[in-house]
Amino acid sequence: MSPNDQVILKITDLKKRFDQTDVLNGISLDVRQGEVTVIIGPSGCGKSTLLRCLNGLEPINSGQIELNGQLLTAPGTDWSTVRQKIGMVFQNYELFPHLNVINNILLGPMKVQKRPRAEALAEAESWLDRVGLKDRALSYPRQLSGGQKQRVAIVRALCMAPEIMLFDEVTASLDPEMVREVLDVMLNLAKGGLTMLIVTHEMAFAKAVADRIIFMDDGLIVEQANPEDFFNHPESERAQRFLNIFQFGRVHRDKN
Amino acid sequence: MLDSAISIFTAGRNMARIFEGLGVTLKISMISVLLSVLLGVPSGLLMSSKIRFCRLFFKLYLEFIRIMPILVLLFLFYYSLSSVFSINLPAMAVAILVFTLWGTAEMADLVRGAVTSLPKHQWESSRAIGLTEPQLNIYVIVPQAIRRLLPGVINLTTRMIKTTPFVFFINIPDLVKVAQQIVEVTGMKNLLASVWVYGLIFFIYFAICYPISLFSHYLEKVWQD
């Protein structure tokens, strides 16, 4: 499914300051239904903060965020309702350690959305099956590997039936061999037409999954392009420099 | 030698009175612990809340109670209230009130410690799935805090049981007071009276507190995560 023209999330001139430091200096971005947008950039460029602002985990200083035409930055926004529509997965895959996998997943659907247990359970089990964790439903988080925990965290967010999913460096604290299993799940979600906003340092993955790459630096969107153009011919000097970090020239040793 | 012990414990209502005293001790400490836990959990959550006034209020309360000797609090509520405000509380009510005030302060501080030791991400993950603040406390924070609280609560319970003898200063005949009375009466004729009676008290305290401590070890094992 390719993105259609309907804008689901509209960000206008978003600014965010921590104490005296400007983190976001006026971000404007439209995300269309079904679109996979990948945000990359050097650490400290504000990409994680941007995601956290979108579901109200960080208050913003100025600007507007609209979800399906509803202004989220207006006073009196009920974030509990909004967050059901904006799912988020974090770097540190914090599952609730006192609940087993299935109860981690069911907490939101049952307590927040008040759905009947049987229905929520059936959905949770089908998602667990799709991410290859059907047999771990009764395990506790401490019994899972990092990659498994992160897949559970993704399912936990998906079971709220969000309209858009935010992924904040979800593979950054995983061992290399576990990165793949998590990225595969995300690739499948992209194929299924889910609207996703992804912050990542996995460039090959970004190239494979993205409909559009957003390159951020110093709290600004410096460049946006489709992945082929961006990775082959980055326009801005800053993006070129950033992409060079991931290149290594062959080392030529002096042989005596 | 054993005869002297038997003669004390079979004389009059001595044994019955010791058990009545034990009943008083347990009544005061158990009711106070129960109330302290019930009041201390919400107080501790407020203490770790973002609202500055709440934090300040509970901080002051905690410091006040900590600095003040329990005995002073007992006298204050038993004698001073009646002479200044003509409020006459029964001694039992004063005892439970004072121990609950103390226990709530200690409990609130334990809860605050347990809650602030949880990783910040637990709040964020909870909010991210749409849990409201009361829901995230009920389903995520409190259940995890309870596991971390347990050693402290057990400690508080045994301290509460061990501190109840202070009530004898406001004329409540608790276990230690009863023992003292028995020793006073029988000690003249029986030189070993204090050994037998206080020895028994020693074992009674041990018999109450040791199972509590065993129970806590058991729960810690079951809840290990």
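Each chain gets a letter, A, B and so on, in the order the sequences are listed, and its residues count up from 1. Since we're looking at a predicted model, the values are computed, not measured.
- For a residue to count as touching a neighbouring chain, one of its non-hydrogen atoms must lie under 4.5 Å from one of that chain's; by this rule B/E124 touches chain A with backbone and side chain alike.
- Interface residue A/F96: backbone and side-chain heavy atoms are both found under 4.5 Å from chain B.
- Residues B/Q135 and B/T132 have side chains that bring a donor and an acceptor to within less than 3.5 angstrom of each other.
- Considering only heavy-atom pairs separated by less than 4.5 Å from chain B, the leading option among A/N92, A/L166, A/L107 is A/L107.
- Heavy-atom pairs under 4.5 Å with chain B were tallied for A/Q84, A/R52, A/M88, A/Q113; the largest tally goes to A/R52.
- One side chain, A/R156 or A/N104, offers a donor N or O that lies under 3.5 Å from an acceptor on the other.
- For B/K59 and B/Y61, the positive end is not near the middle of the six-membered ring at less than 6.0 Å and at most 45° from its axis.
- Aromatic ring pairs are classed by plane angle as parallel below 30°, tilted from 30° to 60° and perpendicular above 60°; the pair B/F99 and B/W102 is perpendicular.
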